[in-house]
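Everything below concerns the one structure shown next.
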There are 2 protein chains.
Amino acid sequence: MLQARRNGLPAYKRIQEVILKRIEKGELHAGDPVGSERELARAHRVSLMTARHALAGLERDGMVERRPGAGTFVAPPKIHFNKLMSYTEQMLGRGMAPCSKLLCAKMIEKEPEIAARLALAPNSRMVKIERVRQTQAEPFAVETCYLSADEFSDLISMSLATNSLFTVLLNRYGVNLGYADEQVDATGADKRMADLLAVPEGAPLLRIRQVIYSTTAKPTIYVLGLYRPERHTLFIRRYR
Amino acid sequence: MLQARRNGLPAYKRIQEVILKRIEKGELHAGDPVGSERELARAHRVSLMTARHALAGLERDGMVERRPGAGTFVAPPKIHFNKLMSYTEQMLGRGMAPCSKLLCAKMIEKEPEIAARLALAPNSRMVKIERVRQTQAEPFAVETCYLSADEFSDLISMSLATNSLFTVLLNRYGVNLGYADEQVDATGADKRMADLLAVPEGAPLLRIRQVIYSTTAKPTIYVLGLYRPERHTLFIRRYR
DNA sequence: AAGTGGTCTAGACCACGGC
DNA sequence: CCGTGGTCTAGACCACTTC
């Protein structure tokens with residue numbers, strides 16, 4: 001019969017999308033059976049192996065659980081550990097309104113240490129964007145982003161107060177972000193930070209240095225974040 | 001022909017093991033082709049789908065990279081991000097000698113907040129183990145572990161100065177640790193910590209609270225760690 | 001053009017779970 | 001017992017990369 005490939009999609013992906021949509025719509029809840037391999041194969045008129053491939057993929061993504069001899073069931077909603085999310089996404093995920101104040105958006109050069117983090121030549125021009133993150137009127141973080149000026153020159157003129165940097169990068173430049181390496185430690189607030197974050201000078205702050213890579217493994221953004229510990233905790237899950 | 005299942009192993013796992021062993025032995029290096037699906041199928045006398053299944057599994061585990069139209073190649077050795085490792089394992093992995101000083105190992109009770117982290121009744125008895133971690137003579141962390149006294153009562157009499165807690169748990173109690181949830185923030189050193197870590201009072205410290213779960217998802221150890229930031233940085237990789 | 005991975009078929013037997 | 005997922009066969013066509 002050969003794959004019909006309506007939608008241009010492989011059969012196994014079509015099956016996955018049907019199941020995902022049913023979960024999304026609320027037709028299927030955690031613990032509900034999603035249908036056996038044989039059922040799905042019959043319903044979608046594909047072979048067993050193809051239905052199986054579809055379910056195996058969903059299991060790998062943590063969407064379903066397969067229990068030998070029993071069936072395949074919708075997995076309980078996962079807490080997203082170790083996920084790379086923009087500030088906007090993080091806030092919305094917690095049901096809060098993202099709110100930040102732009103401190104500066106300008107060109108810099110001769111910052112060889114920062115350039116090195118982005119794998120650029122030592123004296124490369126870079127865009128620097130500094131923002132205070134806040135909940136209501138209370139500041140809880142200062143985040144400073146650096147990007148290559150060559151690639152993202154007109155970023156400084158964009159409305160980053162209202163748009164997520166991630167979104168701008170994707171829509172304006174077609175850059176998809178893939179993963180990030182973070183370096184976490186603690187430091188004391190200097191005078192300026194103390195002022196911006198409304199804490200005493202020398203107060204302990206959580207410092208996160210983050211290099212965000214595109215899906216093509218190119219270092220794209222360097223972020224230096226300083227967080228008030230009583231207002232921001234980092235959650236990590238480690239696996240054996 | 002039916003699967004012969006010598007070794008009692010499925011064919012695809014046998015194929016995986018053969019490849020993994022060749023990498024381990026140094027016969028195959030990063031970038032080397034591991035053989036095409038068709039080659040492997042012929043060599044192991046299995047069908048294409050089975051050889052394919054073997055390679056797909058290795059790819060999921062990050063051991064090989066598959067490039068359509070080109071072939072399947074040994075993946076570059078991966079840095080172990082977000083891995084749950086004992087202090088001993090971490091030190092050995094960096095080529096350093098693990099060294100720690102036991103401050104106390106005793107029974108406690110009436111610590112409802114800690115008991116709650118381990119999903120125990122509020123007034124449960126627990127084992128408390130407090131250790132200073134150091135490189136040479138320089139202290140860089142204080143780690144305090146809590147475990148259920150019911151299950152691990154004779155832990156206090158064991159030689160934790162020489163043995164990894166992870167190892168003791170596995171060998172003595174048959175407990176296999178699976179994953180951990182960490183909560184990271186910053187705090188200031190109180191008088192006692194300042195003393196133990198040889199820093200000024202109020203100095204910023206990285207604080208990591210960790211609940212370590214067994215492979216059966218049972219909360220087993222609660223660890224409170226305080227780290228000197230200039231001597232200890234946390235590395236995390238986040239994925240999109 | 002030859003070879004590779006990606007998708008797919010239409011069957012098969014096995015071990016295991018729940019009734 | 002019957003249905004489930006887990007493994008496997010012996011073929012096939014497609015899109016792609018490499019030469």
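Order of the sequence lines fixes the chain letters, A, B, ..., with proteins taken first and strands second; residue numbering starts at 1 for each chain. Keep in mind it's a predicted model, so treat the numbers as computed, not measured.
The CG atom of L48(A) sits 12 Å away from the P atom of dG6(D) (whole-angstrom rounding). Following rounding to the nearest Å, K13(B) (NZ) and dC14(C) (P) show an atom-to-atom distance of 19 Å. Going from atom NE2 of H44(A) over to atom C1' of dA10(C) covers 19 Å, rounded to whole Å. Look at CG on L40(B): it is 14 Å from P on dC8(D), rounded to the nearest Å. Rounded to an integer number of Å, the gap from F73(A) CZ to dG17(C) C1' is 10 Å. At whole-Å resolution of the value, CZ in R42(B) and P in dG11(D) are 14 Å apart. What separates CZ of R60(B) from P of dG5(C) is a distance of 18 Å, to the nearest Å. To the nearest angstrom, P of dG6(C) lies 17 Å from CG of L9(A).
Listed pair T50(A) / dT9(C) meets the phosphate criterion, a side-chain N or O lying under 4.0 Å from OP1 or OP2. In this structure, Y12(B) reaches the dT7(D) phosphate: one of its side-chain N or O atoms is under 4.0 Å from OP1 or OP2. For R52(A) and dG5(D), the shortest distance from a side-chain N or O to OP1 or OP2 is not below 4.0 Å.
Distance from the side chain of P10(A) is smallest to dC8(C) among dA10(D), dC8(C), dA12(C). Side-chain proximity of M49(A) to the nucleotides dC8(C), dG6(C), dA10(C) is greatest for dA10(C).
For E59(B), the side-chain contact (heavy atoms from CB on, under 4.5 Å) criterion is met by V64(B), R66(B), not counting sequence neighbours. Scanning for side-chain contact (heavy atoms from CB on, under 4.5 Å) contacts around K25(B) gives E27(B), with sequence neighbours left out. Annotation: side chain to side chain donor-acceptor pair (under 3.5 Å) contacts of Y173(B) (sequence neighbours excluded): D154(B). With sequence neighbours excluded, the residues that form a side chain to side chain donor-acceptor pair (under 3.5 Å) with S47(B) are T50(B).
With 3.5 Å as the limit, one finds a donor-acceptor pair spanning the side chains of R117(A) and Q183(A).
Around the CZ atom of R209(B), the shell of radius 6.0 Å holds more than 12 heavy atoms that belong to other residues, nucleotides or ligands.
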Heteroatom pairs (N/O) under 3.5 angstrom, protein to nucleotides 1-4 of chain C:
residue, atom, partner, partner atom, Å
dG3(C), N2, G69(B), O, 2.9
dT4(C), OP1, S36(B), OG, 3.4
dT4(C), O2, G69(B), N, 3.4

Please table the atom pairs, donor to acceptor, closer than 3.5 Å between any side-chain atom in residues 210-219 of chain A and protein atoms at least two apart or in another chain.
residue, atom, partner, partner atom, Å
Q210(A), NE2, E182(A), OE2, 2.7
S214(A), OG, T216(A), N, 3.2
S214(A), OG, T216(A), OG1, 2.7
S214(A), OG, K218(A), N, 3.3
T215(A), OG1, N176(A), O, 3.3
K218(A), NZ, E151(A), OE2, 3.2

